[in-house]
2 protein chains.
Amino acid sequence: MADIHPEHAHIIEQTKANMPSEEILEKTADVFKVFGDKTRIRILSALSEGEMCVCCLCDLLEMSQSAVSHQLAVLKSARLIKSRREGKQIYYSLDDAHIGAILCTGISHVEED
Amino acid sequence: MADIHPEHAHIIEQTKANMPSEEILEKTADVFKVFGDKTRIRILSALSEGEMCVCCLCDLLEMSQSAVSHQLAVLKSARLIKSRREGKQIYYSLDDAHIGAILCTGISHVEED
DNA sequence: AATACATATGAATATTTGTTCATATGTTCA
DNA sequence: TGAACATATGAACAAATATTCATATGTATT
């Protein structure tokens, strides 16, 4: 960790002043981290078509119930999805429109190439 | 991995048909994965204020040159940033406006709460 | 109440990943 | 050309994480 070059001090201060707080940046990274897994993206993509129960997701993703439930728990604790029970089944859906928007932004970025 | 419930077959097929390809979804997850680290988010946030050389970033982030360079390499290979050399220094900047937009979307999501 | 079904969850394991340390590469200037 | 500076990079290690396996919880049905 070298010393700060005096001629950089100004631009560093200015940039720092314009950046969001460390707390916001850390939370932002944490949100993206949750989007940054193939299984979770597949789940979010499926749910963006409408709510779906766990076993439906397992069938669709061709993954074990346990693996899917674990990832649903991650998504839920990050508040990207919400759930409601109907009898024996639990239906999951995107928590709000914002989530679908973030997903779309990412997909568009990949598709435009 | 249980059998597919026959009554789910239709909704599963329909959902599948509307979802992006596995390849797109995997690439999307990979993009978000790169955004999903505090150091990289801090770098991207700094660069969204304008281009900056490596040592400036080290000073700003208060991190070792090696750690910063490693993350710059990750960001560059994911095409989120680009670089240009000027003398001994190398200046990094966001690769295109899209990157700043994705970053902003994430930050807004965190800030609105 | 007992059984079957749908989902959740703890522990263990294997893989991925971020930082550090040491060193290599490339540029400038004397 | 040699020394100093800016940056990159390989290897090693520690920490984080996704899946599996086994099992627990909660609901409906008989």
Side-chain angles (χ1 to χ4, degrees), chain A residues 1-8 12 25-26 29-44 47 51-78 80-93, chain B residues 1-8 12 25-26 29-44 47 51-78 80-93:
Chain A
M1 220 119 51
D3 298 324
I4 295 189
H5 293 212
E7 71 274 25
H8 288 162
I12 289 172
L25 291 176
E26 176 150 29
D30 287 342
V31 168
F32 282 126
K33 196 174 297 184
V34 179
F35 280 89
D37 173 79
K38 191 188 180 186
T39 296
R40 290 191 293 263
I41 283 285
R42 293 171 80 212
I43 292 174
L44 292 172
L47 296 184
E51 69 169 8
M52 206 171 284
C53 64
V54 179
C55 62
C56 233
L57 281 168
C58 295
D59 292 343
L60 173 60
L61 306 180
E62 297 180 75
M63 288 184 61
S64 73
Q65 179 267 316
S66 182
V68 171
S69 272
H70 274 295
Q71 296 309 332
L72 287 170
V74 172
L75 289 165
K76 192 174 180 189
S77 88
L80 302 197
I81 60 176
K82 61 191 176 197
S83 63
R84 74 179 177 84
R85 179 181 281 277
E86 187 176 309
K88 279 184 288 190
Q89 290 167 330
I90 296 184
Y91 285 84
Y92 282 91
S93 55
Chain B
M1 223 117 51
D3 297 324
I4 295 188
H5 294 211
E7 71 273 26
H8 288 163
I12 288 172
L25 291 176
E26 177 150 29
D30 288 342
V31 169
F32 282 127
K33 197 174 295 184
V34 179
F35 280 90
D37 173 79
K38 191 189 181 186
T39 296
R40 290 191 294 263
I41 283 286
R42 293 170 80 212
I43 291 174
L44 292 172
L47 296 184
E51 69 169 8
M52 207 171 283
C53 65
V54 179
C55 63
C56 232
L57 282 167
C58 294
D59 292 343
L60 173 60
L61 306 179
E62 297 180 77
M63 287 183 63
S64 73
Q65 179 267 317
S66 182
V68 171
S69 272
H70 274 295
Q71 296 309 332
L72 287 170
V74 171
L75 289 165
K76 192 174 181 189
S77 88
L80 301 196
I81 61 175
K82 62 191 176 199
S83 63
R84 73 179 178 84
R85 177 181 282 277
E86 186 175 310
K88 278 184 288 190
Q89 289 168 330
I90 295 184
Y91 285 83
Y92 282 91
S93 55

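Here is how names work: the chains are called A, B, and so on, in the same order as the sequence lines, proteins then strands, and each is numbered from 1. Keep in mind the model is a prediction, meaning the values are calculated, not measured.
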Under 3.5 Å, which donor-acceptor pairs link side chains of residues 33-41 of chain B to any protein atom two or more places apart or in another chain?
unit_1	atom_1	unit_2	atom_2	d
B/Asp37	OD2	B/Thr39	N	3.1
B/Asp37	OD2	B/Arg40	N	3.2
B/Lys38	NZ	A/Glu22	OE1	3.4
B/Arg40	NE	B/Val34	O	2.7
B/Arg40	NH1	B/Gln71	OE1	2.7
B/Arg40	NH2	B/Lys33	O	3.3

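Here the straight-line distance linking atom SG of B/Cys56 with atom OH of B/Tyr92 works out to 14.0 Å at 0.5 Å rounding. For the atom pair A/Leu75 CG and A/Ser83 OG, the distance stands at 11.5 Å (nearest 0.5 Å). Taking OG from B/Ser93 and CE from B/Met52, the interatomic distance works out to 11.0 Å, rounded to the nearest 0.5 Å. Going from atom CD1 of A/Ile90 over to atom SG of A/Cys55 covers 11.0 Å, rounded to the nearest 0.5 Å.
When the P atom of D/dT17 is taken as reference, atom CD1 of A/Ile41 falls 16 Å away, rounded to whole Å. Separating the CZ atom of B/Arg84 from the P atom of D/dA8 is a distance of 14 Å, rounded to the nearest angstrom. B/Ile81 places its CD1 atom 13 Å from the P atom of D/dT7, with the value rounded to the nearest Å. With rounding to whole Å, A/Phe35 atom CZ is found 16 Å from D/dT17 atom P. To the nearest angstrom, C1' of D/dT9 lies 13 Å from CD1 of B/Ile90. Rounded to whole Å, the distance from CG on B/Leu57 to P on D/dT7 is 9 Å. For the pair B/Glu26 CD and C/dT16 C1', the interatomic distance rounds to 14 Å; values are reported in whole Å. In this structure, the CG atom of A/Asp59 is 10 Å from the P atom of C/dA6, given to the nearest Å.
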Sugar-phosphate or base contact per nucleotide [nucleotides 25-30 of chain D; S, B, -; heavy atom under 4.0 Å]: --BS--

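Each end of the helix from C/dA1-D/dT30 to C/dA30-D/dT1 gets its own axis, taken as the rotation carrying the C1' atoms of four end pairs onto the next four within a five-pair window, and the two axes meet at 20° to the nearest 10 degrees.
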Stepwise side-chain contact (heavy atoms from CB on, under 4.5 Å) test for A/Leu57 and A/Leu72: CA-CA 10 Å; A/Leu57 281 168; A/Leu72 287 170; 4.0 Å; yes

Full working for side-chain contact (heavy atoms from CB on, under 4.5 Å) between B/Cys53 and A/His8: CA-CA 10 Å; B/Cys53 65; A/His8 288 162; 3.9 Å; yes

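A/Arg42 places no side-chain N or O within 3.5 Å of a backbone atom of A/Leu44 that could act as its donor or acceptor partner.
Among residues two or more places apart in sequence or in another chain, the salt bridge (Lys or Arg N to Asp or Glu O under 4.0 Å) test is passed with B/Lys76 by none. By the salt bridge (Lys or Arg N to Asp or Glu O under 4.0 Å) test, A/Lys88 pairs with no residue at all, sequence neighbours left out.
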Anything under 3.5 Å between a protein N or O and an N or O of nucleotides 18-22 of chain D, put it in a table, one pair a line.
unit_1	atom_1	unit_2	atom_2	d
D/dA18	OP1	A/Arg40	NH1	3.4
D/dA18	OP1	A/Arg40	NH2	3.0
D/dA18	OP2	A/Arg40	NH1	3.0
D/dT19	OP1	A/Thr39	OG1	2.7
D/dT19	OP2	A/Gln71	NE2	2.9
D/dT20	OP2	A/Ser64	OG	3.2
D/dT20	O4	A/His70	NE2	3.2
D/dC21	N4	A/Ser66	OG	2.6

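Contact between the side-chain N/O atoms of A/Tyr92 and the OP1/OP2 oxygens of C/dA8 is found at a separation under 4.0 Å.
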